[in-house]
Amino acid sequence: MSRGLPLLHRRRVLAAGAIGGITCAAVAVGAAMAGQDGSGASDGASTKAASTISCPEVTGSLPEIPAQAKAEVDRNLALLRTQLDEANKRLATSQGQGGPNFVQNAILGPLADKRKSTLDRIAISIGRHAEKPRGLDALAECSLGTGTGAGSGSGSGAGTGGSAPATAEPSAPGSGAQDGAEGGAQDGSGAGTGAGTGAGSGSAQSISCPDVASKIGAVPAAAQAEVDRNIALLGTQLDEANKRLATSQGQGGPNFVQNAILGPLKDKRASTIDRIRISISRQGATAPSGLDALAGCSLASG
């Protein structure tokens with residue numbers, strides 16, 4: 001009996017030590033795995049945060065700029081940079097918002113629309129004094145990447161490689177605005193002429209825009225066809241914006257309609273209205289003032 005008790009005691013001590021060792025090992029393994037998981041999450045977060053918007057470089061694709069157009073071209077190149085900076089800020093502050101298409105619908109899509117309008121103004125300003133460059137609208141689309149894609153090229157945004165210089169077409173009276181209007185129509189964008197026509201099907205709301213045609217006044221005969229084309233383009237733009245409104249119910253966050261539909265619509269209308277003004281002034285007539293105030297549209301009950 002005296003020898004059995006110490007032996008039993010020793011066995012209990014050894015068993016307790018083994019169990020303690022196993023427990024410590026399990027805790028260590030769990031901590032290591034947790035550390036790895038945390039590292040993975042951190043890596044994923046940093047990758048997501050490092051995403052930036054990259055846009056094609058514009059300056060290198062422009063032909064020689066006439067001295068009379070340089071100031072206006074420079075202003076629009078600076079505007080391209082501002083647009084990209086604002087889009088990257090929006091990207092950085094909207095992580096986790098909306099659904100899987102939020103970035104495309106609320107950031108990249110509107111950015112492309114703004115760039116198209118700005119590039120169109122660059123082409124028009126050059127076309128007034130020299131051959132009007134073609135193909136600039138191909139530089140409007142931007143993409144999401146990683147790294148420092150904020151861009152550095154003279155207001156154009158991130159260069160995505162050397163793009164081929166835009167070709168030029170002969171300028172002729174009225175051709176600049178005409179091409180701009182036709183380009184806008186091909187963009188498939190949406191803006192409108194007057195009081196919104198056509199509520200989106202299946203939606204109780206529609207987009208309403210100020211009437212432009214009634215505010216233009218007398219139009220020179222030589223500019224009438226071009227003005228009519230742009231007025232029709234405003235109507236097409238509004239119809240397409242209302243279709244977008246009807247088919248995007250429930251998408252994005254509370255500011256989706258403003259950011260993805262109404263904001264781009266205003267930019268497109270501003271560009272189209274500007275072409276109307278230019279086509280009238282090109283014929284020596286006094287262009288109507290205050291038309292730019294008609295660019296903004298609003299949401300109304302259908």
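Residue numbers start at 1 and run along the sequence shown.
Of the possible polar contacts, none joining the R115 side chain to the L80 backbone as a donor-acceptor pair under 3.5 Å is found. A donor-acceptor distance shorter than 3.5 angstrom exists from the side chain of E57 to the backbone of T59, with no hydrogens or angles considered. At least one donor-acceptor pair closer than 3.5 Å links the side chain of Q95 to the backbone N or O of L91. Between the side chain of N88 and the backbone N or O of T52, no donor-acceptor pair lies under 3.5 Å. Remark: side-chain polar atoms of S271 are not paired, donor with acceptor, to backbone N or O of D267 under 3.5 angstrom.
Atoms NZ and CD1, from K70 and I126 in turn, are 10.5 Å apart once rounded to the nearest 0.5 Å. Note that CG of L299 is 7.5 Å distant from OG of S206, once rounded to the nearest 0.5 Å. Here the SG-CG distance, from C209 to L294, works out to 10.0 Å after rounding to the nearest 0.5 Å. Note that the CG atom of L233 and the CG atom of D228 stand 12.5 Å from one another [nearest 0.5 Å]. For the atom pair L265 CG and C297 SG, the distance stands at 4.0 Å (nearest 0.5 Å). Put simply, CD on Q224 and OG on S279 are 9.5 Å apart, with the number rounded to the nearest 0.5 Å.
Between A87 and I107, the closest heavy-atom pair is O-CG2, 3.9 Å. Residue Q83 comes nearest to L111 through the heavy atom pair O-CD1, 3.8 Å, listed as atom of the first residue, atom of the second, then distance. The shortest non-hydrogen separation linking K116 to A140 is CG-CB, 3.3 Å. The minimum heavy-atom distance linking R90 with A106 is given by the pair NH1-O, 3.4 Å. Between E141 and P56, the shortest heavy-atom distance links the atoms O-CD, 3.1 Å. Of all the heavy atoms in S117 and K268, the pair that sits closest is OG-CA, 3.9 Å.
Under the 4.5 Å side-chain criterion, counting only non-hydrogen atoms from C-beta, V257 is not in contact with Q205. Contact check for L136 versus L62: side-chain heavy atoms found under the 4.5 Å cut-off. In this structure the side chain of L234 reaches within 4.5 angstrom of the side chain of I276, judged on heavy atoms. A 4.5 Å side-chain heavy-atom check between V227 and N230 finds every atom pair outside the cut-off. With contacts defined as side-chain heavy-atom distances shorter than 4.5 Å, the pair N259/P110 does not qualify. Within the 4.5 Å cutoff, no side-chain heavy atoms of L108 are placed close to those of S143. In this structure, D292 and I273 have side chains that are not in contact, with every pair of non-hydrogen atoms separated by 4.5 Å or more. Residues I216 and V212 meet the side-chain proximity criterion, which asks for heavy atoms closer than 4.5 Å.
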For this session: Take I53 and L84 through the test side-chain contact (heavy atoms from CB on, under 4.5 Å) and record every step on the way to the result.
Result: CA-CA 7 Å; I53 298 170; L84 177 60; 3.8 Å; yes
For this session: Give the intermediate values and the outcome of salt bridge (Lys or Arg N to Asp or Glu O under 4.0 Å) for residues R128 and E72.
Result: CA-CA 12 Å; R128 291 195 200 108; E72 186 174 353; 3.1 Å; yes
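In the model, R275 has a side-chain atom that pairs as donor or acceptor with a side-chain atom of T272 under 3.5 Å.
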